[in-house]
Structure formats: C-alpha cells, structure tokens
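Below, each value reflects all heavy atoms present in this structure, side chains not excepted, and no hydrogens, waters or symmetry copies.
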Amino acid sequence: MFLLGYLLDDTEENALTTKEKHWALVWHDEFNGTEVDLQKWSFEYNCYGGGNNEQQCYTDRKENAFIAEGLLHIVARQEPFSGPAHKDDHRDYLRTDLSITKPFTSARMRTLYKGDWLYGRFEVRAKLPSGQGSWAAAWMLPSDSCYGEWSSSGELDIVEAVNLGTLLNKDTGAKETRVHGTLHYGQSWPNNVYSGFSYQLPNNQSPADNFHVYAIEWQQDEIRWYVDGVHYATQTSKTWYSKYVAGSDLIEAKDGAPFDKRFYLLLNLAVGGDWAENVNDKGIDKRAFPQTFLIDYVRVYQSIASNDRQ
C-alpha cells in the first residue's frame, strides 16, 4: 500500500488502518519540494543556547537546513558563528546582534503563528543523528504563555534523543539507543518539573540507523506516546499541573492545565548542553560532526469525534 509517496510495511499498514478509524489528517509537510515551506515553518536565528547552555547558533542558512530527495535535512556543523544573545521572542532581541559566538551551527524550525493545535495526533517519521553531544528533538510549545513563563505553560516532547551510539553501560558495553517522551510543567523556572519515559527499539536497533515513526496522541486529560505504532507511555492530568504567580499569590491553574491550550511544533538539532554533555561519554565529541537529523514527514491529525477537534 502506498501513502503520500512511501511504501508501508505490514506493521505500519495495520497501524494506519486502525488510525484512520479515529483520526483525520488536518496538516502535513512531506518535504517533497525544493525549499523549506515558509508558509508552514519559520527559522529561529540566535546563539541563545536554548536555555540549556547548548553550543550551537541556530541559523536560517541552507548549510543547516535544506530539502533533498524528499527529506528535510537539519545539519549541525562544527564552525564558529556569531549571532544574537537573546532568543527570537525576547523583547531585546536584535537579529543584527553579533555579541555571542558559538563553535557549532544548526537549525531550529517552528510553526509558531503558522500552525498550532489543541489536541490531536502528531507524527514525525525521522532518522535521528548520533554521536556524543548530539541532541535531536521534535516537540511542542504553547502559542500563548497563558499560565506564565516556561514551564508553567507547558512543553510537550514528542521525541528526543541524546548521544545515540555512545557507551551506555561500561560493564556490558551496551550502546545508547534510547528515545524519550517527556512533559514539562509546574511553575516557571527554576521551579519547573518534568516527567517522562524512555523507549528502546526491539533487537538493539539504533534510531540513528533507520527511519521510525514517532507520535503522540494528545486528548483532553491524557497524552500517549508511540514508536512505530507501539504504545509505550501514557501521562494524565492527574499527574501534571500548573501554578502561576498573580501579584504576590501563587495560583494553581484549573484542572487540565497547562495542556489545555494550543501548542505549535518545533524541530531542531542541538549540540551539547546541560543534558547531552553530562551523560554517556560526557562533553562533545567534535569528531562526530557534522551530524544530520533527517525528517521524512510531519503530520497532524485531529480526532474524528467532534468534541476533540480544535
């Protein structure tokens, strides 16, 4: 069976049959053109470090993001680059600011102001990068920070992976093959909290060796994570929460917050940072770069049930 230009195996086809009973496709990018579709995506341009002390500058250059052979390539390169100290949405942001220099470049793309959703199924078919210091992610942030600054208004990570292929266990010689699905919530930094789960592919497969479908199903009061149709994690509103400051008072938001507002999509490949540099072999292996995050498609579905289509 063919769907939008690629061949499905039996597992994917069976999952599709089940999915079609519950979800309707409402937005997608198959990356079949010659250029990134700027009606769907914007590039961030800064050397802010992602709030995690990451070592890349994000650019909008074709050296860091381009489409070829039906795939989006996000490429992290070792090269010095200077750019803005603040993230793009900061009140003091200036694109012409050259005050920060980082040793790597990469790309971070988002659908902010171009596509956002409340609830749905979100799929990314991708081949992840490897090497110590690599940190790829497909994730979501709120379009409006209704409950305050990060992460009281939430963050929803569809898939993340750091340092794939590096040493995970010195005693067994096992390599890093985990992917992660995570929620961030609670209060604004530094009182933020998170909860999540990791998943390993069968037979010690590495997510850096082939393409896999990473997905979440986000419905009112419940979020589920999948890899290649395998449901590996669920979180509910019984465990997440949001608190925000109003005057001198700390207010607990209504049930379901912060995952009851519209969120937009992001794709990025970071280098280093507080997570990647402090696990596995530690630091950044410059010999591992350049690294490429390959994305075949991004698709958004919404529930056929009328009460869950937003």
Side-chain angles (χ1 to χ4, degrees), residues 29 35-67 72-116 124 129 133-145 148-158 160-162 182 184 188-190 192 263-278 283-284 286 289-293 295 298:
D29 197 338
E35 304 281 345
V36 173
D37 187 348
L38 297 181
Q39 292 186 333
K40 294 179 177 179
W41 302 96
S42 299
F43 287 94
E44 295 190 27
Y45 188 94
N46 65 69
C47 299
Y48 167 65
N52 301 296
N53 297 307
E54 297 158 13
Q55 295 302 305
Q56 80 288 325
C57 289
Y58 287 127
T59 86
D60 55 4
R61 306 177 309 160
K62 291 185 178 179
E63 291 91 338
N64 296 117
F66 62 91
I67 292 174
L72 171 64
H73 297 63
I74 297 179
V75 185
R77 300 180 180 277
Q78 184 186 353
E79 55 177 342
F81 194 90
S82 298
H86 297 293
K87 58 184 178 181
D88 291 47
D89 304 312
H90 193 279
R91 62 185 180 183
D92 295 326
Y93 174 82
L94 286 173
R95 183 182 170 95
T96 55
D97 173 21
L98 300 176
S99 63
I100 299 294
T101 299
K102 298 276 189 175
F104 293 86
T105 61
S106 189
R108 175 161 145 166
M109 299 165 53
R110 60 186 186 177
T111 65
L112 180 63
Y113 308 128
K114 299 179 179 183
D116 62 358
V124 179
S134 62
W135 183 354
W139 51 303
M140 304 182 74
L141 283 173
S143 299
D144 300 294
S145 296
E149 295 302 313
W150 186 89
S151 64
S152 60
S153 290
E155 175 184 323
L156 204 169
D157 299 333
I158 301 168
E160 291 183 286
V162 298
T182 309
H184 297 258
S188 297
W189 181 90
N192 54 296
F263 277 57
Y264 64 92
L265 285 160
L266 300 100
L267 301 170
N268 73 286
L269 173 51
V271 181
D274 295 336
W275 182 12
E277 290 189 62
N278 287 293
I284 300 171
K286 295 180 179 180
F289 292 85
Q291 285 291 328
T292 302
F293 182 16
I295 300 98
V298 179

Testing the 3.5 Å rule here: is there a donor-acceptor pair between the side chains of [X] and [Y]?
X	Y	answer
E155	W139	no
W135	N52	no
E149	W189	no
Y93	N46	no

Derivation and outcome, side chain to side chain contact (heavy atoms under 4.5 Å, CB included), residues E35 and K62: CA-CA 9 Å; E35 304 281 345; K62 291 185 178 179; 3.1 Å; yes
Can you label the angle between the F66 ring and the H73 ring as parallel, tilted or perpendicular, going by 30° and 60°?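 Geometry flag for H73 against F66: parallel rings.
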Should we count CG of D144 as having more than 12 external heavy atoms under 6.0 Å? no
Expected output: side-chain [X] to main-chain [Y] donor-acceptor under 3.5 Å:
X	Y	answer
K87	G51	no
T111	L265	yes
N192	S152	no
K114	L38	yes

What are the two closest non-hydrogen atoms of [X] and [Y], and how far apart are they?
X	Y	value
G154	L141	O-CD2, 3.9 Å
P290	V75	CB-CG1, 4.2 Å
T101	S82	OG1-OG, 2.5 Å
V124	A138	CG2-CB, 3.9 Å
C47	K102	O-CE, 3.3 Å
G273	N278	O-ND2, 4.3 Å

Can you measure from [atom1] ([X]) to [atom2] ([Y]) and round to the nearest 0.5 angstrom?
X	Y	atom1	atom2	value
N64	T59	CG	OG1	3.5 Å
S153	H184	OG	NE2	14.0 Å
S151	L156	OG	CG	12.0 Å
K40	M109	NZ	CE	11.0 Å
R61	S106	CZ	OG	10.0 Å
L72	T292	CG	OG1	10.5 Å

Sidechain N-carboxylate O distance under 4.0 Å for E44, R110: yes
Between R95 and D60, does at least one N-O distance fall below 4.0 Å, as a salt bridge requires?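 A salt bridge links R95 with D60.
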Side-chain touch [X]/[Y], heavy atoms, less than 4.5 angstrom:
X	Y	value
V36	F43	yes
R108	Y48	no
W150	S188	no
F263	D116	no
L267	W41	yes

Quick one, D29 with I295, criterion side chain to side chain contact (heavy atoms under 4.5 Å, CB included). Give me CA distance, side-chain angles, the key distance, then yes/no. CA-CA 10 Å; D29 197 338; I295 300 98; over 6 Å; no
Verdict with supporting geometry, D274 and N53, side-chain hydrogen bond (donor to acceptor under 3.5 Å, both in side chains): CA-CA 6 Å; D274 295 336; N53 297 307; 2.9 Å; yes
With side chain to side chain contact (heavy atoms under 4.5 Å, CB included) as the criterion, how do C57 and F104 come out once you've worked through the C-alpha distance, each side chain's angles and the decisive distance to 0.1 Å? CA-CA 6 Å; C57 289; F104 293 86; over 6 Å; no
Under the side chain to side chain contact (heavy atoms under 4.5 Å, CB included) criterion, do T105 and Q56 qualify, and how do the steps go? CA-CA 5 Å; T105 61; Q56 80 288 325; 5.9 Å; no
